[in-house]
Amino acid sequence: MASRLERITEQRLDSLSRIRARGIDPYPQGYHPSHTIREARVLFERQGENAQDISLAGRIMSKRSMGKMSFLDLRDSSGKIQLSFRYNLLGQERYEFLQEIDIGDIIGVEGRLFRTKAGELTLEVSDFAMLCKTLRPLPEKWHGLADVEKRYRQRYLDLISNEESKKIFILRSKIITAMRSFLDKQGFMEVETPVLQSQAGGAVARPFITHHHALDEDLYLRIALELPLKKLIVGGFDRVYEIGRVFRNEGISVQHNPEFTMLECYQAYADYNDIMNLVEEMISYIAGEVMGDTKITWRGKTIDLTPPWRRLYLREAIKEYCGIDFEDYSDVASLRSRMIEMGLEVDPDKGRGKLINELISIFVEPKLTLPTFLLDYPVEVCSLAKRKRDNARLVEKFEAYINGIEIANAYTELNDPVDQRERFQQVAMGEEIESGDEDFIQALEYGMPPTGGLGIGIDRLVMIFAGQQSIREVILFPQLKTKE
RNA sequence: GGGCCGCUAGCUCAACCGGUAGAGCAGCUGACUCUUAAUCAGCCGGUUCUGGGUUCGAGUCCCAGGCGGCUCACCA
């Protein structure tokens with residue numbers, strides 16, 4: 001006994017044979033519509049019912065047949081419009097061919113625009129062509145596709161049936177376009193650096209490993225863009241950026257996908273104060289470009305992104321929100337026992353930097369709803385940042401938060417090759433595995449100007465702009481386990 | 001990796017205490033020349049995620065597994 005799906009597919013294969021029997025190719029090479037649906041609507045505004053001889057192409061989304069007259073809804077990437085097919089106008093043969101058009105099929109139509117009695121703008125079809133016959137039915141028109149797993153695995157169905165989902169990815173594209181345009185206007189040059197690297201540096205994360213057969217050596221997928229970009233600063237490109245995919249072989253969650261998109265940019269002769277200004281200007285510029293406003297909505301709350309954002313010293317923030325002054329605890333042991341005193345569960349393998357990061361995520365992050373820069377981190381949390389001029393235990397690093405989500409990480413770049421080598425060595429001795437990159441240190445030995453650098457997690461930025469709680473909702477094809 | 005929850009027709013969802021697995025949409029047939037979640041009449045359609053077990057009888061209870069969601073851990 002055939003299932004419904006099999007029967008539907010059989011019926012459509014039969015339809016295909018009937019179409020071919022009429023000498024019609026159900027998968028023709030092309031079609032050149034005179035207008036998009038959006039353009040057609042504009043045209044009607046201007047010309048009214050003089051809008052004749054226009055052609056459109058798209059997917060049939062619904063079909064309402066009343067004997068000798070039928071209404072179909074046609075959708076292209078710009079919008080949706082109703083089509084009317086009349087027996088009188090098309091004649092028996094053409095009208096009967098309408099039988100072969102199913103919901104989901106892609107067709108081209110020609111005709112004139114008019115308004116129905118109900119006021120709906122409609123194309124009265126005088127001729128039409130099958131552009132692609134479909135073999136499977138679309139998800140239900142009213143509820144769309146709700147099954148989360150299916151939405152991710154078959155994103156195309158999600159995009160066809162859920163308008164909201166489609167809007168998110170349009171927004172994502174616009175955000176990246178606006179980001180590029182902002183940086184370009186600021187005199188930054190876009191570059192591309194290797195994804196395959198013999199050492200994965202620039203961050204602390206487990207990399208993906210792959211193998212190059214001809215070279216017979218293992219290579220790593222990059223976990224950050226940082227080191228090659230700074231080599232370009234050494235090379236004399238004073239403002240560079242890269243928007244690219246990085247890969248981290250770690251857990252998957254609502255905020256983590258194994259591959260994600262980062263912006264990193266570096267500006268010679270700048271420090272982290274300059275980068276703070278750059279970040280708040282860039283984010284509010286992007287908001288203006290993509291939403292026409294510098295205010296966004298997050299869980300019903302309105303958040304204003306207009307600069308200047310709050311600047312909050314990390315030490316003060318931790319003191320205020322959890323009562324610990326980390327300057328009073330200059331070694332791991334004392335900080336650990338203080339945290340245990342507070343009733344926190346403390347991983348004995350964690351170093352001072354990681355413990356402070358833990359305090360940040362537990363006590364501070366949830367408080368950072370409004371756009372905030374957290375600044376001046378202990379030297380242990382980042383081996384690539386330059387020390388404060390007046391306090392060698394701190395580095396000039398900041399993270400930007402919106403809605404408690406970290407969206408940017410930046411610092412005054414460490415350009416002292418001797419200090420850099422020592423810092424890599426300290427990290428290597430500790431539990432935090434960040435590989436020292438000899439090539440990179442060598443580059444620093446040739447001299448890198450004072451530089452400010454920035455990293456922005458684009459997926460998370462899109463989450464904030466789109467009001468989404470899960471990173472999978474802003475990545476077209478999020479990583480899922482292979483089925484069977 | 002741990003905890004909790006979910007998986008039933010192509011899609012969206014029902015099915016009480018374990019008692020013949022249903023509806024809407026989609027599809028098919030018929031009626032209908034301004035409908036728009038079209039309407040009306042009729043019809044078809046099931047490996048209830050998989051594999052075991054308990055039982056006279058399992059979508060439902062038990063065990064193991066798969067995939068997904070949330071969450072904790074880890075991280076950005």
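So you know, we letter chains A, B, ... as the sequences are listed, proteins then strands, and number each from 1. Everything quoted here is computed from the prediction, not taken from an experiment.
- Taking atom CD of residue A:Q479 and atom P of nucleotide B:C67, one finds them 13 Å apart after rounding to whole Å.
- B:G68 and B:U33 have their C1' atoms separated by 48 Å, given to the nearest Å.
- For A:K397 and A:Y411, the positive end is not near the middle of the six-membered ring at less than 6.0 Å and at most 45° from its axis.
- Heavy-atom neighbours of A:R115 CZ from other residues, nucleotides or ligands within 6.0 Å: above the threshold of 12.
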Counting primed atoms, P, OP1 and OP2 as sugar-phosphate and everything else as base, the B/S/- map of nucleotides 29-38 of chain B against protein heavy atoms under 4.0 Å is ---BBBBBBB

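- Nucleic acid contact for A:D147: sugar-phosphate only, since backbone atoms but no base atoms lie under 4.0 Å from a heavy atom of the residue.
- Atom P of nucleotide B:C49 and atom CZ of A:R153 are separated by 16 Å, given to the nearest angstrom.
- Taking atom P in both B:U50 and B:G59, the straight-line distance is 11 Å, to the nearest Å.
- At whole-Å resolution of the value, CD in A:Q255 and P in B:G69 are 15 Å apart.
- In this entry the distance linking CD1 of A:I252 with C1' of B:C67 reads 13 Å, nearest Å.
- Paired regions of RNA chain B, where each region holds three or more successive Watson-Crick or G-U pairs whose two hydrogen-bonding distances fall under 3.5 Å, are B:1-7 with B:66-72, B:10-13 with B:22-25, B:27-31 with B:39-43, B:49-53 with B:61-65.
- Counting only N and O atoms by type, the side chains of A:E110 and A:S55 include no donor and acceptor under 3.5 Å apart.
- Whole-Å rounding puts the A:I160 CD1 to B:C25 C1' distance at 17 Å.
- Between A:K386 and A:E396, none of the side-chain N atoms (NZ, or NE/NH1/NH2) sits under 4.0 Å from a carboxylate O, so this pair counts as no salt bridge.
- Within 4.0 Å of A:R472, counting heavy atoms only, lie sugar-phosphate atoms of the nucleic acid but no base atom.
- Atom NZ of A:K150 and atom C1' of B:C11 are 8 Å apart (whole Å).
- Taking atom C1' on both B:A15 and B:G2, the two are 33 Å apart, rounded to the nearest angstrom.
- A:Y152 comes within contact range of the sugar-phosphate backbone alone, with a heavy-atom separation under 4.0 Å but no base atom that close.
- Using P as the reference atom, B:C43 and B:A9 are 22 Å apart when rounded to the nearest Å.
- Residue-to-nucleotide proximity on RNA chain B shows that, of A:E250 and A:L480, the 5′-proximal contact is made by A:L480.
- With a glycosidic angle no further than 90° from 0, B:C17 counts as syn.
- If you check every strand for non-hydrogen atoms under 4.0 Å, A:V254 touches sugar and phosphate atoms only.
- Residue A:R206 places its CZ atom among 12 or fewer non-hydrogen atoms of other residues, nucleotides or ligands, all under 6.0 Å distant.
- Here the separation of B:U60 from B:U8, taken at their C1' atoms, is 11 Å to the nearest Å.
- Using atom P as the reference point in both B:G51 and B:U12, the two lie 23 Å apart (nearest Å).
- A:I405 comes within 4.0 angstrom of nothing in the nucleic acid, heavy atoms only.
- With B:C74, B:U12, B:C28 as the choices, the nucleotide that has an atom nearest any side-chain atom of A:E358 turns out to be B:C74.
- Close to B:G68, at under 4.0 Å from its OP1 or OP2, lies no side-chain N or O of A:K481.
- Using a 4.0 Å cut-off between a side-chain N of Lys or Arg and a carboxylate O of Asp or Glu, A:K481 and A:E149 do not qualify as a salt bridge.
- Evaluated for a salt bridge (charged side-chain N to carboxylate O under 4.0 Å, His left out) with A:D73, the options A:K63, A:R59, A:R64 yield exactly one hit, A:R64.
- A side-chain N or O of A:Y266 and one of A:E264 form a donor-acceptor pair less than 3.5 Å apart.
- Between A:E242 and A:T193, the side chains place a donor N or O and an acceptor N or O closer than 3.5 Å (distance only, hydrogens not considered).
- If you take atom P in B:C16 and the same atom in B:G6, they sit 14 Å apart, rounded to whole Å.
- Judged by the 6.0 Å distance and 45° axis criteria, A:R94 is positioned over the aromatic ring of A:F128.
- Straight-line distance from the CG atom of A:L135 to the P atom of B:G27: 15 Å, rounded to whole Å.
- Residue A:D14 is classed as having no contact, given no heavy-atom separation below 4.0 Å to the nucleic acid.
- We find that CZ of A:R12 is positioned 8 Å from C1' of B:G27, with the value rounded to whole Å.
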Between A:D459 and A:R172, does a salt bridge (charged side-chain N to carboxylate O under 4.0 Å, His left out) hold up when you go through it step by step? CA-CA 8 Å; A:D459 312 271; A:R172 180 180 175 122; 2.9 Å; yes

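- Within the nucleic acid shown, A:G455 has no heavy atom closer than 4.0 Å to any nucleic acid atom.
- At a threshold of 4.0 angstrom between heavy atoms, the contacts of A:R206 with the nucleic acid are absent.
- Annotation: B:A21 and B:G30 have their C1' atoms spaced 29 Å apart (nearest Å).
- Using modelled atom types, one finds a donor on one side chain and an acceptor on the other under 3.5 Å when comparing A:S15 with A:E100.
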